[in-house]
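Encoded as structure tokens, the structure appears first; notes follow it.
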Protein chains: 2
Amino acid sequence: MKRSNAQRLRDALEDDIINGRRTPGERLDPDTLCREFGVSRTPVREAVQQLVASGLVTVSPKKGTFVARVGIDELIEMFEVMAELEGMCGRLAARRIGEAELEALRQAHERCEAAARAGDSDDYYYENEAFHDCIYRASHNGFLAGEARQLKQRLKPYRRLQLQVRQRLPSSLAEHREIVAAIEAGEAGRAEQALRDHVLIQGERFSDFVASVRRFGVYREAAPDGAAAR
Amino acid sequence: MKRSNAQRLRDALEDDIINGRRTPGERLDPDTLCREFGVSRTPVREAVQQLVASGLVTVSPKKGTFVARVGIDELIEMFEVMAELEGMCGRLAARRIGEAELEALRQAHERCEAAARAGDSDDYYYENEAFHDCIYRASHNGFLAGEARQLKQRLKPYRRLQLQVRQRLPSSLAEHREIVAAIEAGEAGRAEQALRDHVLIQGERFSDFVASVRRFGVYREAAPDGAAAR
DNA sequence: AGGGTTGTTCTTGTATGAAGTGTTTATCAG
DNA sequence: CTGATAAACACTTCATACAAGAACAACCCT
């Protein structure tokens, strides 16, 4: 299946934003993108609009388009919803998971443990994602899984800041164990609670989080063209 | 604030789809839309793409663009998520609602009762929406409220089919009373449960629902250009 | 007669140019 | 030096022209 230019561009930009190669607040100049990708303005415009629709980019009329800069208050709100979605996935998964999926979940968890033992932070990040994706799939609700993935994408530029909190990794693993146990036992309420806490607990260390975020100038709504953009 | 042509077009099409003037599966011919609205293909294309992003329209490359036709299985999944979002709104609202918002909620409920007494189905539909919107706002989570509204929009073309189930209206009102009571009492768990049930209960009468949906040819994935489109 | 192939005709996707509108900056006057 | 006004610039938006790919149908060959 051949993807259109606009699609490729969208994926590339999305990847850039998610992986921090373009930081929130950075300007996205259409003409520059045209030259970079060797296409005309039309597909660029389309890609940008799709990113606007998914919330990763904002466009201020007559001022330019920028990588979306999410305010701290909205960030909290998004985490709150993310926790709920994860919890719902866990609740459904505990009731609906099949034997093969359960085995896949166990293996994903084991890979997380291995990555943690090896001390490979990047690898753990990846395996952690795979672990959660197992739960999404096990919920047997494709729409829910899609929404959860989309929101997670949108939060990714900020998630990467908080996984490096001291001592987060061991407790994260312990939470994973509790999650697996709850799903294995088929205890829906317990799985929901465990997953919700697993996401929300990161918000508890909020002062740390805010501190690290502020250094990136996330919360400068009042100055859209602030230092980070220039 | 002057809206662009693409925006006006998008709103018009969205309204058409939501209110059933364009049924799921119907073809959206770009050229026809151009003539209808007196604009060129560019803004039409833009509007269509925005609708694709919000899930109301699907475009099959080289085959045409159609009003999104959601399969029954996915419809169930979406209702499941909708119930969860509503429940979450209720839980947060029970904890966070202010006095003024509580009064607005009571009044919205009263207007629902009035519409029901008057037997005005359309009016009830509108007031019911206002009632739920009160709860969204009272959750004090703007992001959550936005997601809930968006999903509700996406479900609207199908919701209209089920509100006419016999005896649904009186029980719907009773559920509203329970919801208001739970929020007034500040009982988060009870409010969450009441709202979740309020949405899910509609799925219980699923055979009725499926029956009415099938007549509209919603579940004809195998025949994309089925009878409904011609 | 049936199946494969080829050609035509839709369809989407891309490019480019032009215009209109808001913002910003520079200059002039007080 | 400060304020206002005007002009220039930059961005978005729309239109039109063009290209390429896929589906469908007709036709030919087997």
Side-chain angles (χ1 to χ4, degrees), chain A residues 1-14 22 25-69 220-227 229-230, chain B residues 1-14 22 25-69 220-227 229-230:
Chain A
M1 182 177 174
K2 217 182 116 181
R3 278 149 44 206
S4 73
N5 273 349
Q7 289 297 323
R8 286 192 301 106
L9 206 81
R10 189 187 71 86
D11 290 344
L13 283 176
E14 189 176 281
R22 299 185 192 263
E26 183 178 330
R27 182 190 206 98
L28 290 177
D29 185 45
D31 290 351
T32 306
L33 292 175
C34 286
R35 278 189 294 277
E36 265 183 53
F37 289 87
V39 296
S40 87
R41 301 199 312 273
T42 306
V44 169
R45 181 178 169 79
E46 262 178 42
V48 165
Q49 283 190 338
Q50 288 186 36
L51 290 172
V52 168
S54 70
L56 264 70
V57 166
T58 57
V59 34
S60 312
K62 314 290 184 220
K63 292 180 76 173
T65 76
F66 305 88
V67 176
R69 173 178 290 172
R220 303 284 167 84
E221 310 288 352
D225 265 350
R230 298 258 161 110
Chain B
M1 184 173 175
K2 221 180 112 181
R3 276 149 45 202
S4 73
N5 272 348
Q7 288 298 322
R8 285 192 300 105
L9 208 86
R10 188 188 73 87
D11 290 344
L13 283 176
E14 188 176 279
R22 299 185 193 263
E26 183 179 329
R27 183 190 205 97
L28 290 176
D29 185 45
D31 291 351
T32 306
L33 293 175
C34 286
R35 279 189 295 276
E36 265 183 53
F37 289 88
V39 297
S40 94
R41 283 182 43 203
T42 307
V44 169
R45 183 176 168 78
E46 244 172 66
V48 165
Q49 283 191 336
Q50 288 186 36
L51 290 172
V52 168
S54 70
L56 264 70
V57 166
T58 58
V59 35
S60 312
K62 315 295 180 200
K63 291 181 74 174
T65 75
F66 305 89
V67 177
R69 172 177 289 169
R220 302 286 168 85
E221 310 287 352
D225 265 350
R230 299 255 162 114

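Reminder, nothing fancy here: chain letters follow the sequence lines and each chain counts from 1. Keep in mind that the numbers below use all heavy atoms, side chains included, and drop hydrogens, waters and symmetry copies.
- The side chain of Lys63(A) lies closest to dT23(C), out of dT12(C), dT23(C), dT12(D).
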Does the pair Glu46(B) and Gln49(A) meet the rule for a side chain to side chain donor-acceptor pair (under 3.5 Å), with working shown? CA-CA 9 Å; Glu46(B) 244 172 66; Gln49(A) 283 190 338; 3.1 Å; yes
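- Side-chain proximity of Arg41(A) to the nucleotides dA15(C), dT16(D), dA18(C) is greatest for dA18(C).
- Nearest to the side chain of Ser4(A), among dC14(D), dT14(C), dT23(C), sits dT14(C).
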Kindly indicate, with the supporting measurements, whether the criterion side-chain contact (heavy atoms from CB on, under 4.5 Å) is fulfilled by Gln50(B) and Glu14(B). CA-CA 10 Å; Gln50(B) 288 186 36; Glu14(B) 188 176 279; over 6 Å; no
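- Looking at Glu36(B) and Arg22(B), a side-chain N of the basic residue comes within less than 4.0 Å of a carboxylate O on the acidic one, giving a salt bridge.
- Per the geometry, CZ belonging to Arg35(A) stands 13 Å off P belonging to dT16(C), to the nearest Å.
- Rounded to an integer number of Å, the gap from CG of Asp31(A) to C1' of dA15(C) is 14 Å.
- Mapping Gly64(A) and Thr42(A) onto DNA chain D via the closest heavy atom, the residue that lands nearer the 5' end is Gly64(A).
- One atom, CG of Leu33(B), and another, C1' of dT12(C), lie 15 Å apart when rounded to the nearest Å.
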Could you give me the CA-CA distance, side-chain angles and deciding distance for Val67(A) and Arg27(A), then say whether side-chain contact (heavy atoms from CB on, under 4.5 Å) is met? CA-CA 7 Å; Val67(A) 176; Arg27(A) 182 190 206 98; over 6 Å; no
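- dT12(D) atom P lies 20 Å from atom CZ of Arg8(B), rounded to whole Å.
- Taking the side chain of Lys62(A) as heavy atoms from C-beta on, and the options dT12(D), dT11(C), dA15(D), the nearest nucleotide is dT12(D).
- Distance, Arg3(A) CZ to dT12(C) C1': 17 Å, rounded to whole Å.
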As a quick check of understanding, evaluate side-chain contact (heavy atoms from CB on, under 4.5 Å) for Thr58(A) and Thr65(A), giving each step before the final call. CA-CA 6 Å; Thr58(A) 57; Thr65(A) 76; over 6 Å; no
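- Taking side-chain N and O atoms only, Arg27(A) has no distance below 4.0 Å to OP1 or OP2 of dA10(D).
- Separating the CZ atom of Arg10(B) from the P atom of dC14(D) is a distance of 13 Å, rounded to the nearest angstrom.
- As a whole-Å value, the separation of Arg45(A) CZ from dA15(D) P is 12 Å.
- What separates CZ of Phe37(B) from P of dC14(D) is a distance of 13 Å, to the nearest Å.
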